[in-house]
Amino acid sequence: MCWQKWIDARDREAGNQLIEKYMPLVDYHVQRIASSLPKSVKKEDLKSLALLGLYDALEKFDPSRDLKFDTYASFRIRGAILDGLRKEDWLPRSVREKAKKIEATIEQLQQLHMRDVSAKEVAHALNISEDEVYAVMNEQFFANVLSLDERPFDDDDDQSSFTIRDERSPSPEEHILREEQIAQLANVVQQLNEKEQLVISLFYKEELTFTEIGHIMGLSTSRISQIHAKALFKMRKLIEQAI
């Protein structure tokens, strides 16, 4: 009934009811993205961005397409949050400076020992905690990931199924490069230990929260967060070595 009133006449009360109905979807994506961001980024700000995405989804959703609203709205909500983060310099200057210092220390220790060094060794050299090394480097890693384009839905497409906007067709060379990147990432994940692989798979592929993963693995949420941070740190180092 709400959907019909909204679609037929953009009934404001129906719109408010739909927003309330899909608010858990907003909270879900805010929680997932916030888990990879510094504590200085307020969840309230992320929620405001997510709500813009939900409003946009309600305005542009075409029920005639063979696509569930939850799926469409998820793309819009996530896209709105990431677009908002890209436009703002959300990573504090202090974190950027710490990241540069940590990177310089890693390079110095690697040259000194002629091998890869652990986060523990880096933490000891800088007189900071190992968790801080993981947190700072992973925040910077996520900031770099945000530079990648996320394609929004193409609302002008008149086909019955949804499509992702592709402003230009990839060349054969770009397609090959993309395939190589996917293969490289898969290879990197395989080099993680069993627990790290499971956390990465459940978080990014199955889209479970740290709390849900903790229930599955019989570990606390903070422990899952720590495993996730260590896994990203390892992946970052492996990717850099492969470049």
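Note that the structure is a prediction, hence the values are computed from the model and not measured.
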Steps toward side-chain contact (heavy atoms from CB on, under 4.5 Å) verdict (D62, Y72): CA-CA 10 Å; D62 183 355; Y72 181 77; over 6 Å; no

Distance, nearest 0.5 Å, that separates CG of D11 from CG of L18: 9.5 Å

Side chain proximity check, C2 to K21, heavy atoms < 4.5 angstrom: no

Exam field: side chain S201 to backbone Q197, donor-acceptor pair closer than 3.5 Å: no

Contacts of F210 that satisfy ring-ring contact (aromatic ring centres under 6.0 Å, His included) - sequence neighbours left out: F203, H228

Closest approach of A50 to V30 (non-hydrogen atoms, all atoms of both residues): CB-CG2, 3.8 Å

Residues T209 and T211: side-chain donor-acceptor under 3.5 angstrom: no

Any side-chain heavy-atom pair of K195 and L198 under 4.5 Å: no

Side-chain donor-acceptor contact under 3.5 Å, D131 with S129: no

Spacing of I33 atom CD1 and L82 atom CG [to the nearest 0.5 Å]: 4.5 Å

Main-chain N/O of K60 paired to R76 side chain as donor or acceptor, under 3.5 Å: no

Heavy-atom closest pair, residues Y22 and L54: CB-CD1, 4.0 Å

Least distance between heavy atoms, L49 atom then L85 atom: CD1-N, 4.4 Å

Main-chain N/O of Y28 paired to Q31 side chain as donor or acceptor, under 3.5 Å: no

Shortest non-hydrogen contact between K43 and A34, atoms and distance: CE-CB, 3.9 Å

Short side-chain to backbone donor-acceptor contact, E196 and K230, under 3.5 Å: no

Reported CD1-to-NZ distance for the pair I77 and K47, which is rounded to 0.5 angstrom: 11.0 Å

Test log, rule side-chain contact (heavy atoms from CB on, under 4.5 Å), inputs H29 and L46: CA-CA 9 Å; H29 286 288; L46 296 182; over 6 Å; no

Pairs involving residues 99-109, ordered by first then second residue, that meet side chain to side chain donor-acceptor pair (under 3.5 Å) (sequence neighbours left out): E103-R236

Rounded distance [0.5 Å steps], NE2 in H215 versus CG in L208: 11.0 Å

Cluster overlap Y134 with L109, hydrophobic side-chain contacts below 4.5 Å: yes

Validation row: K120, V133 side chains within 4.5 angstrom (heavy atoms): no

Heavy-atom closest contact (I224 atom, M217 atom, distance): CD1-SD, 3.9 Å

Sidechain-backbone polar pair: R78 side chain, G53 backbone, donor-acceptor under 3.5 Å: no

Ring centers of F61, W3 separated by less than 6.0 Å: yes

Other residues, nucleotides, ligands: >12 heavy atoms within 6.0 Å of K98 NZ: no

Trace of the side-chain contact (heavy atoms from CB on, under 4.5 Å) decision for R10 with E59: CA-CA 9 Å; R10 286 296 189 261; E59 286 290 343; 3.5 Å; yes

Check: R223 side chain, L219 main-chain N or O, donor-acceptor pair, under 3.5 Å: no

Pairing residues for R115 by the side-chain contact (heavy atoms from CB on, under 4.5 Å) criterion, not counting sequence neighbours: H113, V117, E121

OG-CZ distance between S74 and R32, expressed to the nearest 0.5 angstrom: 10.5 Å

Approximate separation, where rounding is to 0.5 Å, of I19 CD1 and L25 CG: 13.0 Å

Positive for side-chain contact (heavy atoms from CB on, under 4.5 Å) with K234, one of V188, N193, V189: N193

Shortest non-hydrogen separation from L58 to G15 and the atoms involved: CD1-O, 4.3 Å

